Amino acid sequence: MTHAHAPTTPRSTLVVTAHAGDFVWRAGGAIALSAARGEKVTIACLTFGERGESARAWREGKDLAQIKALRRDEAERAAAILGAEVRFLDAGDYPLLPTPELTDRLVALYREAQPDVVLTHPADDPYNGDHPAAHRMALEARILAQAIGYPADGEVIGAPPVFYFEPHQPEMSGFRPEVLLDITEVWETKRKAMECLAAQRHLWDYYTDLAVRRGVQLRRNAGPNLGLAHRTLAEAYMRPYPQIAKELA
């Protein structure tokens, strides 16, 4: 725990993403696992991905308001399948720009959620500037939410560990799979959530194949005697801050 919760308070995860679909592709397994354990998961979608992540809808002749409504509906249905609550900050994408108001809203959300774990984008993505922007905003708000003098509602937070989920082009983004999370038991849940995102149907198979590849890595690094399923599926994460431990494991 990173804060003094009452014993009956469930653990809390906060996911900060640039666009409405990011949480499904990159962290849907982690979200589903947390929800299955009875933990609270809050997703902050900074934008709907209405301009840069919705090409199919634009080609079909939909306007901006229709596309936002479409992406909201997709994300809400996906979050419900995963067992999470989703909040839309509607900050506008391509480009996603920081503002004092957006910072205040994120800080307030941190203090409301009181997260034990934070998931967000890694620092680099040469193909999508919104992802590094969301990364910077997520980390800045985490720091400000710890400052007792920062003028925002709610109790200050502790220092929840941060995990970066895998970008679409990991080799070009300096991403290393430092943590491999076994999502085999919730894979079908993640896949159903992915299939809510019809606006990005082209990514369904890509992220299925990625889960298989990361599962192979997980088995290779776990050793042969852990009883893992032959078809293990996984998600990869990085950690920017030190792991706190009393023993090495």
Side-chain angles (χ1 to χ4, degrees), residues 1-18 20 22-24 26-46 72 75-89 102-121 134-135 137-165 178-190 192-193 234-247 249:
M1 290 290 196
T2 61
H3 207 71
H5 296 311
T8 57
T9 302
R11 282 174 54 86
S12 171
T13 295
L14 178 62
V15 186
V16 182
T17 69
D22 293 339
F23 71 90
V24 183
R26 294 162 168 78
I31 293 168
L33 284 169
S34 295
R37 293 192 295 264
E39 300 173 11
K40 179 176 176 57
V41 183
T42 306
I43 302 162
C45 290
L46 301 184
R72 174 191 284 271
E76 286 178 339
R77 287 189 287 113
I81 288 170
L82 295 173
E85 176 188 6
V86 61
R87 308 280 187 92
F88 301 99
L89 281 71
L102 183 56
T103 298
D104 286 346
R105 293 172 69 192
L106 265 180
V107 171
L109 186 53
Y110 266 93
R111 290 186 174 179
E112 176 188 343
Q114 291 290 313
D116 297 282
V117 173
V118 175
L119 310 180
T120 193
H121 299 271
H135 157 88
M137 293 178 204
L139 293 196
E140 180 183 26
R142 174 183 174 273
I143 293 169
L144 295 175
Q146 298 175 55
I148 195 168
Y150 188 85
D153 292 336
E155 294 294 324
V156 297
I157 67 170
V162 177
F163 292 84
Y164 297 159
F165 40 65
E178 297 171 344
V179 179
L180 293 168
L181 179 67
D182 187 345
I183 62 168
T184 309
E185 66 183 84
V186 295
W187 168 250
E188 293 302 325
T189 301
K190 177 173 179 174
K192 289 177 183 176
E235 289 173 346
Y237 293 86
M238 288 180 65
R239 296 197 64 162
Y241 299 113
Q243 178 178 350
I244 307 304
K246 291 186 177 180
E247 63 181 78

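Predicted, not measured: the structure shown is a model, and the values here were computed from it.
Between the CG atom in Leu89 and the CZ atom in Arg105 there is a gap of 4.0 Å [rounded to 0.5 Å]. From Gln243, atom CD reaches atom CD of Glu178 across 10.5 Å, with rounding to the nearest 0.5 Å. For the atom pair CZ (Phe165) and CG (Asp22), the distance works out to 6.0 Å, reported to the nearest 0.5 Å. The line from CD of Glu39 to CZ of Arg11 is 5.5 Å long, rounded to the nearest 0.5 Å.
By the 4.5 Å heavy-atom criterion applied to side chains, Glu76 and Val86 are counted as neighbours. For the pair Glu185 and Leu33, the minimum side-chain heavy-atom distance is below 4.5 Å. A 4.5 Å side-chain heavy-atom check between Thr13 and Lys40 finds every atom pair outside the cut-off. Side-chain contact check for Thr103 versus Glu140: some heavy-atom pair is nearer than 4.5 Å. The shortest distance between side-chain heavy atoms of Ile31 and Ile43 falls below 4.5 Å. Between Leu14 and Val117 the shortest side-chain heavy-atom distance does not fall below 4.5 Å. No side-chain heavy atom of Arg239 sits under 4.5 Å from any side-chain heavy atom of Val162. In this structure, Tyr150 and Arg111 have side chains that are in contact, with non-hydrogen atoms separated by less than 4.5 Å.
Ala134 and Leu46 make their closest contact through CB-CD1, 3.8 Å (heavy atoms, listed as atom of the first residue, atom of the second, distance). Of all heavy-atom pairs between Thr42 and Ala113, the closest is OG1-CB, 4.4 Å. When all heavy atoms of Ala30 and Tyr237 are compared, the closest pair comes out as CB-OH, 3.2 Å. Taking all atoms of both residues into account, the shortest heavy-atom contact from Ala193 to Ile81 is N-CG2, 4.0 Å. Of all non-hydrogen atoms in Tyr164 and Pro240, the two that sit nearest each other are OH-CB, 3.3 Å. What you find for His121 and Val16 is that their closest heavy atoms are CD2-O, 3.9 Å.
A cation-pi geometry, defined here as NZ or CZ lying under 6.0 Å from the six-membered ring centre and within 45° of its normal, holds between Arg142 and Tyr241.
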Test log, rule side chain to side chain contact (heavy atoms under 4.5 Å, CB included), inputs Leu82 and Thr189: CA-CA 6 Å; Leu82 295 173; Thr189 301; 4.1 Å; yes
Side chain to side chain contact (heavy atoms under 4.5 Å, CB included) between Glu235 and Arg26, intermediate numbers included: CA-CA 7 Å; Glu235 289 173 346; Arg26 294 162 168 78; over 6 Å; no
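Put simply, the side chain of Asp116 gets close to the backbone of Ser12: a donor and an acceptor are under 3.5 Å apart. Glu85 places no side-chain N or O within donor-acceptor distance of the main-chain N or O of Ala80, the cut-off being under 3.5 Å.
For the residue pair Tyr110 / Glu112, no side-chain donor-acceptor distance below 3.5 Å is found, with atom types taken as modelled.
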